[in-house]
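Taking it in order: structure first as structure tokens, then the write-up.
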Amino acid sequence: MPLRRRLLLLVALVLAACLLVASVLTYWAGLRKIDLEMSSAIEVGDSAVMEAMASIDSSTDPAAHVRRTIASFNGDRHLVARLIGPDGEVVDVSQLKPPADPPPAWLFDLLGRHSYSRTFPLPGASKNLGQLRIDADPHNEVSEVWEDLKLKLLIVTAFCAVVLSLIYAILGRALRPLEDLSAALHRIGQGDYTAKVSETGPQDLQDIYRAFNRMADELNASEQQNHRLNEQLSTVLEEERSEIARDLHDEIGPFLFAVDVDAQSIPSHLSRDAKDAVSDRAKAIRQNVQHMQLHLRSILSRLRPALLIDQGLDHAVENLIAFWRTRRPGITFNSQVTNERFPANIEETAFRILQEGTSNAVRHGKPSTITLTARISSPRTLEVTVSDDGTGLSATSNRGFGLIGMRERIAILGGKLNVVTSNDAQGVTLIAELPLPEKSKQTRNSYLATSAA
Ligand SMILES: Nc1ncnc2c1ncn2[C@@H]1O[C@H](COP(=O)(O)OP(=O)(O)O)[C@@H](O)[C@H]1O
Ligand SMILES: [Mg+2]
């Protein structure tokens, strides 16, 4: 059940309980009032009858005197006087004033149960007429309580209606922000992290809205980061694929063709018994195969850098430089890389920075020299740098994924990246600082052993 309806129901139940208590109190008050009124009516009737009885003996016609006494009660609101004959039959009775608004039978049953009466035996000569009895009749009194009750019920019903409508309206206003929040949560649930709620309203809710908006921002940021990483991944994959395809085509293809040609020529040399020519061809085939093996190794090391790093960061950097030297013989590569071992994730991040930094320098900077370093700069930091003397970053430089990806990898390790550049052809220097864990002097194998334990 919606919160609004629940709260309304609760309020309605509380009001109904109040109404019940008020009804019980009204009932008791009604009973008391009727009891008081009836008792005092009997007392009044008592003194009126006593007064009439006192003068009955001096009366010439006692029967007429008794009739007059009974008639004097005609039109009374509470008392009915009766002459009860010697045989117990009612000989004469006065007329009660009928109630203007007769009460319903159930109310009369509830309130008018008690009977109040008093009997007066007739004195002296009139003794044989029987006895006089007065009864207090609660009809008029119950009717008064009934009228009172109707008015009270009307007022209470109007009050409840007003209170409930006010609460309904106030709840509607008060819960609207929660409805907004729920709608925003729904959007977040459907992956729309741009959902926001307005940070207005009561202080306690404002705190919730602020927390919600912060959460949405964080989700949005990590969604975008994921998006970027995915794009970066596919760009890198695409670049690597096309580079490998080019390598296979340019470096392996011609040699395979040469091997094929050499191998085809061998039978004709053999038929001519030209042993020297056969031996030359075989040598040429071996040279071509060696060349292809070299290139295959470089392609494989690009495909599986982890394998490369397995032999150390220094070894991996040598391979990286060898890869670029064959492709960019005009560039001078320098390197100074520590031969210490670090945890696998740090070595891989360090290698990726050196790889992407070198690739950026070669592709974008037109440098003549590129220098790669990796050293322990303070006891707990591995400092990795790539610097070139190329054109440097310019204001129009693209916002590519390489630098962003680098920053994200470094951030995951709790490190930082500094890109130093000027646009006056001083090149670019990337300085990455990767914090090292306590046991940075351990060997890589002992890292693996510790982490496995
Ligand atoms: N060493 C560099 N020399 C000159 N420009 C660079 C260098 N490194 C990066 N840039 C510029 O910064 C941009 C962003 O680099 P990066 O994030 O690696 O993306 P990408 O290499 O995919 O373009 C490059 O497009 C290039 O314009
Ligand atoms: Mg790049």
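As the structure lists them, so they are numbered: ligands from 1, and atoms in each ligand from 1. The model shown is predicted, which means the values in this text are computed figures rather than measured ones.
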Taken to the nearest 0.5 Å, the spacing of Asp76 CG from Asn140 CG works out to 9.0 Å
Pair Asp137 + Arg77, salt bridge at N-O below 4.0 Å = no
Write out all pairs satisfying salt bridge (Lys or Arg N to Asp or Glu O under 4.0 Å) with one or both partners inside residues 18-37, taking only residues at least two apart or from two chains.
-> Lys33-Glu141, Lys33-Glu144
Does Met406 come within less than 4.0 angstrom of ligand 1, counting non-hydrogen atoms of the residue?
-> no
Classify the contact between Thr421 and ligand 1 as side chain, backbone, both or neither, using a heavy-atom distance cut-off of under 4.0 Å.
-> neither
Nitrogen or oxygen atoms of Thr391 and ligand 1 under 3.5 Å apart | no
So ring pair (Phe, Tyr, Trp, His ring centres under 6.0 Å) across residues 144-195, not counting sequence neighbours, yields none
Within the 2.8 Å cut-off the protein N, O or S neighbours of the Mg ion (ligand 2) are Glu356 OE2, Asn360 OD1
Per-atom contacts of ligand 1 with Gly392, taking only distances under 4.0 Å to non-hydrogen atoms | 4 (C), 5 (N)
Counterpart residues, ring-ring contact (aromatic ring centres under 6.0 Å, His included), relative to His269 (two or more places apart) | none
For Gly402, take its heavy atoms, then give the atoms of ligand 1 lying under 4.0 Å from any of them.
-> 16 (P), 17 (O), 18 (O), 19 (O)
Return a yes/no value for Leu393: is any of its N or O atoms, backbone included, closer than 3.5 angstrom to an N or O of ligand 1?
-> no
To the nearest 0.5 Å, tell me how far Phe73 CZ sits from Leu96 CG.
-> 12.0 Å
Do His227 and Glu223 meet the criterion of a side-chain donor-acceptor pair at a distance under 3.5 Å?
-> no
Between Val428 and ligand 1, which part of the residue brings a heavy atom under 4.0 Å of the ligand: side chain, backbone, both or neither?
-> side chain
Between the candidates Val386, Asn360, Val419, Thr358, which shows the shortest non-hydrogen contact distance to atom 18 (O) of ligand 1?
-> Asn360
Does Arg214 come within less than 4.0 Å of Asp217, counting only side-chain N to carboxylate O?
-> no
Salt-bridge criterion met for Glu238 and Arg241 (N-O under 4.0 Å) | yes
Got a donor-acceptor contact below 3.5 angstrom from the Ser335 side chain to the Leu372 backbone?
-> no
